[in-house]
Structure formats: structure tokens, C-alpha cells
Amino acid sequence: MTVFPFRRPHLGLSIGAGMLGLAEVRRDWRQGRGRLKLHRSGDRALPPGLIRPSATEPNMKDVTALTDELCALLGGRRQASRALSVALTLPDLCARVALLDFESLPQKPAERETLLRWRFQRDLNLAGTDVRVAYRVFQEAAEPRAHPDRREPGSFWVLACALRQDIVGQYEQACEEAGLLPISVGLAGLRLFDLCRPALAAGEEFFFVHVADSGFSFLGVRHGSPVFLRIKPLRNGSATLATELLATLQFYTDRHPQAARADPTALEPARPLFIVGDPGLPGSFAESLGITVLPLGLDDLSVSKTLAAGALSASSLPALAGVLDA
């Protein structure tokens, strides 16, 4: 879910409502075949209220204040005359993200984007030319067994995001004033989903959740295709997270019931919920729905096998996802 990539940067920067994250990746040719190495990483807490993620209005009143925080993260001063290219990762809440279904899609990218813009305008009342659109297409495969939420083979799910120029422009301005050139722009939850996909279950159904400092992103996946999406702001701590996640799971289960099994007496397989972040959920969370919570960290991902050892905080993981995705 990268917007306007031009060349691959070595530096990843994530900006959240309360934290900055940094991850720089280099090739270590001494390890053979240019093995990736985490060259440096870091994070920095932001002043409360500096950034208020929103998909409908500018996210900050003082861009210069964010520039100062970026400079502090980078070493206390603005960069030299040559700007550093960076993969910029933003909060999910600053964009409109939708899971759209189509019976068919145009072959030409320009026609696909026109169709997506029309759907955003029709379904989400998001119009205008000053909007960046990025998307990923998931084609449904033919299945011998009927499924309640399946349609004719060949139909498509499209995971798409639309980001207003006046919103992303503030973040890019702050980066440029700090001596950083954003080469790619993406969203934290979607980039982490891409980063974690090799570690996720290959079974019929699983869930993916990214918990950020401003909210959470939830994806329900069946047969390799996302079929349900929810992005929710949070303001009252972990109790609200548990309540909202449980309500989301119950709503998902009502909307996408499991197919009848050939042997009604057989136990329902446990459905894994992979979660990135520090949820602080109770151990009994969602057991009544047959769901097992599986926290994910860097050590659980396949990239950890090819990335030379290095310390990385949870707030820097979206930055790493961005630089690997760019």
C-alpha cells in the first residue's frame, strides 16, 4: 500500500499520534548476498496534542513543532544540504480505508483508479482531485465448498486507501524541513499486515489486528482474501480496546458466519487472532468465540531470519515495515 514510490530508501520513519519511530536498514555484504542489517533504530515521544489523526481535516496546527521533533530524533539538528530519502508511514486514521468488492475490474491501472475514486465518492462521500489513492487487489479463487460470504469465482476484493493532499502535505512538509525526502507514503496497519503475512496462518480464516497509540485496525481474512475491515479510534485505554475488539469480532461473526461442517460433532478449529502492539488483553479474551490471541513481534516474523540482529522497539516496527515495503 505504497503511494508514489520512486526508489528504495534505506531509512524508514513512522509518525503516530504520540510516538515517532525510526529504522534504518543497510545491506551487509560481509554476510553474503547482501544480507539486510538493522543499522540503527529509535523512537521519541511526541508532546500531547501535537498530532490528531483525522481523515477529514489537517492533523496538526504547528508543522514546525513536528519538524523540531524529527530533528531531535535524527540527532538534534536539521540534515545537511543533501536530503535523505525516507519511507514515511502514517497512522491509519489519517486516511479513508475501505474494502471494496467488484465482480470485475478494468485491466488498465488508470481505469482502475478512476473506478476506485468513483466508489470512494459514492460509498464514502470522498470526492476531489487532491486525493491520493493506493490499492491492492485480492482475487477470489474457486472453492469446491460453498461459503456464506463467497460469490462467483473470479470476483475481487480491493483493499484501498484514499489520503487527502492537504493532510499528507503537512507530514511531507515537516519531513522536508528536517532534511528528509519522503519517497513513499503508506499506512501503519496495512504495511504491518504486509510485513506479517508470511507469519500468518495459511488456513481458512484468521484475523489481524494492529494496535496503535490512537486506535486499532482489524482485518478478517478468509481463503487468503480480506473480507472485513474496521479501523477504530481509541481514547480510554486497554479496557476500551478489549471492549471494542470483542464487539468487532462479534459483529464479524454475525456478518460472516462459518460454513456448516460435514461432521456436526467435530470441534470447531480455533481461529487465530494475530495482534501487533501492546494490547494488554486478558487471557480469556474472545475464548467464547473460539478465538486464540497470538501476539506478533519482530522475532516471530520471517524477516528476522534475514535481518541481522539489532534492537527495535514496538513503535519502530511500522518504520521497519515501511522501509522494507518501499
Side-chain angles (χ1 to χ4, degrees), residues 1-31 34-46 50-51 59-60 63-92 94 132 134 163 168-196 210 212-213 276 298 301 303-304 306-326:
M1 307 300 292
T2 298
V3 184
F4 301 147
F6 295 101
R7 64 181 184 273
R8 189 186 185 98
H10 299 292
L11 188 66
L13 171 68
S14 61
I15 302 178
M19 293 290 294
L20 299 176
L22 181 74
E24 184 175 1
V25 174
R26 298 281 182 176
R27 293 283 180 183
D28 188 355
W29 298 103
R30 295 171 299 179
Q31 298 293 329
R35 184 186 182 190
L36 293 175
K37 180 180 180 181
L38 184 60
H39 183 67
R40 62 168 170 160
S41 66
D43 53 34
R44 180 176 176 84
L46 293 174
L50 175 59
I51 294 177
N59 290 192
M60 64 195 84
V63 176
T64 301
L66 178 59
T67 298
D68 293 338
E69 295 295 331
L70 291 174
C71 292
L73 177 67
L74 294 167
R77 64 179 185 278
R78 285 170 171 75
Q79 297 298 301
S81 57
R82 187 176 67 87
L84 296 176
S85 62
V86 64
L88 178 60
T89 302
L90 302 179
D92 295 345
C94 74
R132 301 190 192 181
L163 187 58
V168 69
Q170 287 190 315
Y171 291 101
E172 290 177 329
Q173 179 185 344
C175 288
E176 291 165 4
E177 291 178 356
L180 301 173
L181 179 62
I183 297 301
S184 69
V185 180
L187 301 180
L190 302 183
R191 278 183 158 166
L192 285 169
F193 177 63
D194 282 343
L195 181 69
C196 295
H210 168 232
D213 48 12
V276 178
L298 181 61
L301 307 181
V303 68
S304 65
T306 58
L307 190 69
L312 188 75
S313 66
S315 58
S316 297
L317 191 57
L320 176 65
V323 76
L324 294 178
D325 179 56

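Rounding to the nearest 0.5 Å places OG of Ser14 at 8.5 Å from CG of Asp43. Taking CG from Leu320 and CG from Asp325, the interatomic distance works out to 11.0 Å, rounded to the nearest 0.5 Å. Note that the CG atom of Leu88 and the SG atom of Cys175 stand 4.5 Å from one another [nearest 0.5 Å]. Once rounded to the nearest 0.5 Å, the distance linking CZ of Arg44 with CD1 of Ile15 reads 13.0 Å. One finds the OG1 atom of Thr89 at 8.0 Å from the CG atom of Leu192 (value rounded to the nearest 0.5 Å). Atom CZ in Arg40 sits 6.0 Å away from atom CG in Leu11 (nearest 0.5 Å).
Counting heavy atoms from C-beta outward, Leu195 and Leu317 have side chains that approach closer than 4.5 Å. Side-chain contact check for Tyr171 versus Leu66: some heavy-atom pair is nearer than 4.5 Å. Residues Leu74 and Leu22 meet the side-chain proximity criterion, which asks for heavy atoms closer than 4.5 Å. Residues Leu190 and Asp194 are not in side-chain contact: their nearest non-hydrogen atoms beyond the backbone lie 4.5 Å or more apart. Contact check for Glu176 versus Pro182: side-chain heavy atoms found under the 4.5 Å cut-off.
Nearest approach of Gly322 to Ala87, heavy atoms of both residues: O-CB, 3.5 Å. When all heavy atoms of Val185 and Arg132 are compared, the closest pair comes out as CG2-NH1, 4.1 Å. Annotation for Gly16 and Pro91: closest pair CA-CG, 4.0 Å, computed over non-hydrogen atoms. Residues Gly12 and Val86 come closest through the heavy atom pair C-CG2, 4.2 Å. The heavy-atom pair separating Ala23 from Leu38 by the smallest distance is CB-CD1, 4.3 Å. Considering all non-hydrogen atoms of both residues, Ser184 and Arg191 come closest at OG-NH2, 3.0 Å.
Put simply, the side chain of Gln170 gets close to the backbone of Asn59: a donor and an acceptor are under 3.5 Å apart. Although no hydrogens or angles enter the test, the distance criterion places a donor-acceptor pair under 3.5 Å between the side chain of Asp213 and the main chain of Met19. A donor-acceptor distance shorter than 3.5 angstrom exists from the side chain of Ser316 to the backbone of Gly42, with no hydrogens or angles considered.
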